[in-house]
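Since we're looking at a predicted model, the values are computed, not measured. Counting begins at 1 with the first residue of the sequence.
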Amino acid sequence: MKNKINFGVSTWLWQSPFTTESISLFPKIKSMGFDVVEIPVEDPDLIDVKILKEALDVHGLQPTICIVFGDDKDLTSEDKRLHKNCFEHAEKCFSLASELGVSFVAGPLYAAVGKARLAPEAEKKAEWGRAVANLRTLSGIAKNQGLDIALEPLNRFESDLINTADDVVRLLDAINEKNMKIILDSFHMTIEEQDIRLAINTAGKRLIHVQVSENHRGIPGTGLTPWAEFAKGLQDVEYSGALVIESFTPEIPELAAAVNIWKKLADTQDAFASEGLKFLKNTFK
């Protein structure tokens, strides 16, 4: 790669939720050769930011932060209480991210994950309008913490609003706030995009974060993802952010059920991480 890429892994590969005690994963993650650890913040009250920051410094790991909204948090809903839940949760997460010194928070922050149904056109239009208006408010909350927000398209089984790079670009254009950016995830892309390289080019310079796993959520390099085209796309846009392995442990029933992982995707979760990293480093040179 012309521009330097840092390789990372999400702690979701081993645990959920992330707590202060999850820093016990850091020595292993560093020893495997990762530069970045992605911290999914499900409950910020479970995390002592000072202890987390010290552990990151000790082990020489850069953090990235991602968050998602559950059923009680939805910026497209008619129920304004759900909007309030989003803003309050996001503000806590943004504060944590700011204290860690990161520059952005990533995730599909437009709606509750799993909200996917064939809605009437009038309802879809109304939900789009609420997403745009509420994301402008969220943008302001992030600006107060000096943060960008990277919005993530999800596949059709997890969202009926934003599925492709075209969709997220259209949403960002409607929001029209400079701190709203894009994250792309290879798993969702292999389901929704017709051309991986073109999709990355569509995101362009607004692409600030990338997550990867195989089309079956397994180890990168063991499935149908067109990795050579993926690498070319990142070269086209001169991407220089992190490339983070994101998959999930089947050993935590609640997490496995949430992401529909019903069987092991590797001999061990450690093997998933180390084999995936080896493939990515060989592919994205």
Ring pair (Phe, Tyr, Trp, His ring centres under 6.0 Å) contacts touching residues 82-101 (sequence neighbours left out): none
NZ/NE/NH1/NH2 to OD/OE distance under 4.0 Å, Lys84 and Glu88: yes
Asp71 atom CG: more than 12 heavy-atom contacts under 6.0 Å: no
Salt bridge Lys115-Glu127, side-chain N to carboxylate O under 4.0 Å: yes
Min side-chain heavy-atom separation Val244-Phe7 under 4.5 Å: no
Ile29 side, atom CD1; Thr11 side, atom OG1 - distance, nearest 0.5 Å: 6.5 Å
Salt bridge (charged side-chain N to carboxylate O under 4.0 Å, His left out) contacts touching residues 7-33 (sequence neighbours left out): Lys28-Asp270
side-chain hydrogen bond (donor to acceptor under 3.5 Å, both in side chains) between Asn85 and Asp72, worked out: CA-CA 7 Å; Asn85 291 345; Asp72 64 339; 4.5 Å; no
Test item: Gln211 side-chain N/O and Leu243 main-chain N/O as donor-acceptor pair under 3.5 Å: no
Side-chain ion pair, Glu152 and Lys181, N-O less than 4.0 Å: no
Atom pair CD1 (Ile149) and CD1 (Ile183), whose distance is rounded to the nearest 0.5 Å: 12.5 Å
Inter-residue atom distance Leu13.CG - Gln15.CD, 0.5 Å rounding: 10.5 Å
Show me, pair by pair, the donor-acceptor contacts under 3.5 angstrom made by side chains of residues 246-265, not counting sequence neighbours?
| residue | atom | partner | partner atom | Å |
| --- | --- | --- | --- | --- |
| Ser247 | OG | Arg217 | O | 2.8 |
| Thr249 | OG1 | Glu251 | N | 3.0 |
| Lys264 | NZ | Asp267 | O | 2.9 |

Verdict with supporting geometry, Ser240 and Lys4, side-chain contact (heavy atoms from CB on, under 4.5 Å): CA-CA 5 Å; Ser240 59; Lys4 177 175 172 56; 5.7 Å; no
Asp148/Arg206 salt bridge by N-O under 4.0 Å criterion: no
Val9 vs Trp14 side-chain heavy atoms within contact, under 4.5 Å: yes
More than 12 heavy atoms of other groups within 6.0 Å of Lys92 NZ: no
Hydrophobic cluster identity match, Val113 and Leu138, side-chain contacts under 4.5 Å: yes
Heavy-atom donor-acceptor pair, Tyr239 side chain to Val210 backbone, under 3.5 Å: yes
Glu192 with Arg156: basic N within carboxylate O range, under 4.0 Å: yes
Leu25-Val37 co-clustered via ILVMFWY side chain contacts under 4.5 Å: yes
Residues Glu42 and Ser16: side-chain donor-acceptor under 3.5 angstrom: yes
Hydrophobic cluster (4.5 angstrom, side-chain heavy atoms) - remaining members for Leu198: none
Trp12-Phe18 aromatic ring centre distance below 6.0 Å: no
Using atom types as modelled, flag every donor-acceptor pair under 3.5 Å from a side chain in residues 54-61 to any protein atom, sequence neighbours excluded.
none

Full working for side-chain hydrogen bond (donor to acceptor under 3.5 Å, both in side chains) between Asp74 and Thr76: CA-CA 5 Å; Asp74 182 359; Thr76 66; 2.7 Å; yes
Distance in Å, Phe230 CZ paired with Thr190 OG1, rounded so as to fall on 0.5 Å steps: 9.5 Å
From CA spacing to verdict: salt bridge (Lys or Arg N to Asp or Glu O under 4.0 Å), Lys124, Asp160: CA-CA 9 Å; Lys124 288 170 65 176; Asp160 57 20; over 6 Å; no
Heavy-atom check, side chain of Glu158 versus side chain of His188, under 4.5 Å: yes
Check: Asn215 side chain, Leu224 main-chain N or O, donor-acceptor pair, under 3.5 Å: yes
Heavy-atom neighbours of Arg136 CZ exceed 12 at 6.0 Å: yes
Co-membership, hydrophobic cluster, residues Val41 and Leu151, 4.5 Å side-chain: yes
Donor-acceptor pair, side chain of Ser186 and main chain of Ser213, under 3.5 angstrom: yes
Arg197 with Asp195: basic N within carboxylate O range, under 4.0 Å: no
Asp48 (side chain) donor-acceptor with Ile51 (main chain) under 3.5 angstrom: yes
Parallel, tilted or perpendicular: ring planes of Phe104 versus His209, cut at 30 and 60 degrees: tilted
Shared-cluster residues of Leu46, by chain and number - hydrophobic side chains joined below 4.5 Å: none
Side chains of Thr164 and Asp167, donor plus acceptor under 3.5 Å: yes
Min side-chain heavy-atom separation Leu154-Tyr110 under 4.5 Å: yes
Pair Lys50 + Glu99, salt bridge at N-O below 4.0 Å: no
Any Leu82 side-chain heavy atom under 4.5 Å of Lys73 side chain: no
Side-chain donor-acceptor pair present, Glu123, Trp128, cut-off under 3.5 Å: no
Whether Asp166 side chain and Thr202 backbone form a donor-acceptor pair below 3.5 Å: no
Any side-chain heavy-atom pair of Phe279 and Ile219 under 4.5 Å: no
NZ/Lys205: more than 12 non-hydrogen atoms of other groups inside 6.0 Å: yes
Euclidean distance, Phe69 CZ relative to Leu109 CG, rounded to 0.5 Å: 4.5 Å
Check against side-chain contact (heavy atoms from CB on, under 4.5 Å), Leu207 and Ile200: CA-CA 8 Å; Leu207 179 65; Ile200 293 171; 4.0 Å; yes
Check: Gln62 side chain, Val36 main-chain N or O, donor-acceptor pair, under 3.5 Å: no
Side chains of Gln145 and Val105 in contact at under 4.5 Å (non-hydrogen atoms): no
Intermediate values then yes/no, side-chain contact (heavy atoms from CB on, under 4.5 Å), Thr225 and Val212: CA-CA 10 Å; Thr225 305; Val212 293; over 6 Å; no
Thr64 and Glu38 side chains, donor-acceptor separation under 3.5 Å: yes
More than 12 heavy atoms from other groups under 6.0 Å of NZ on Lys281: yes
pair Asn155-Asn163: side-chain heavy atoms closer than 4.5 Å: no
Carboxylate-amine/guanidinium proximity below 4.0 Å for Lys278 and Glu275: no
Leu75 reachable from Leu147 in the ILVMFWY side-chain graph, under 4.5 Å edges: yes
Steps toward side-chain contact (heavy atoms from CB on, under 4.5 Å) verdict (Leu100, Leu52): CA-CA 8 Å; Leu100 291 178; Leu52 172 56; 3.8 Å; yes
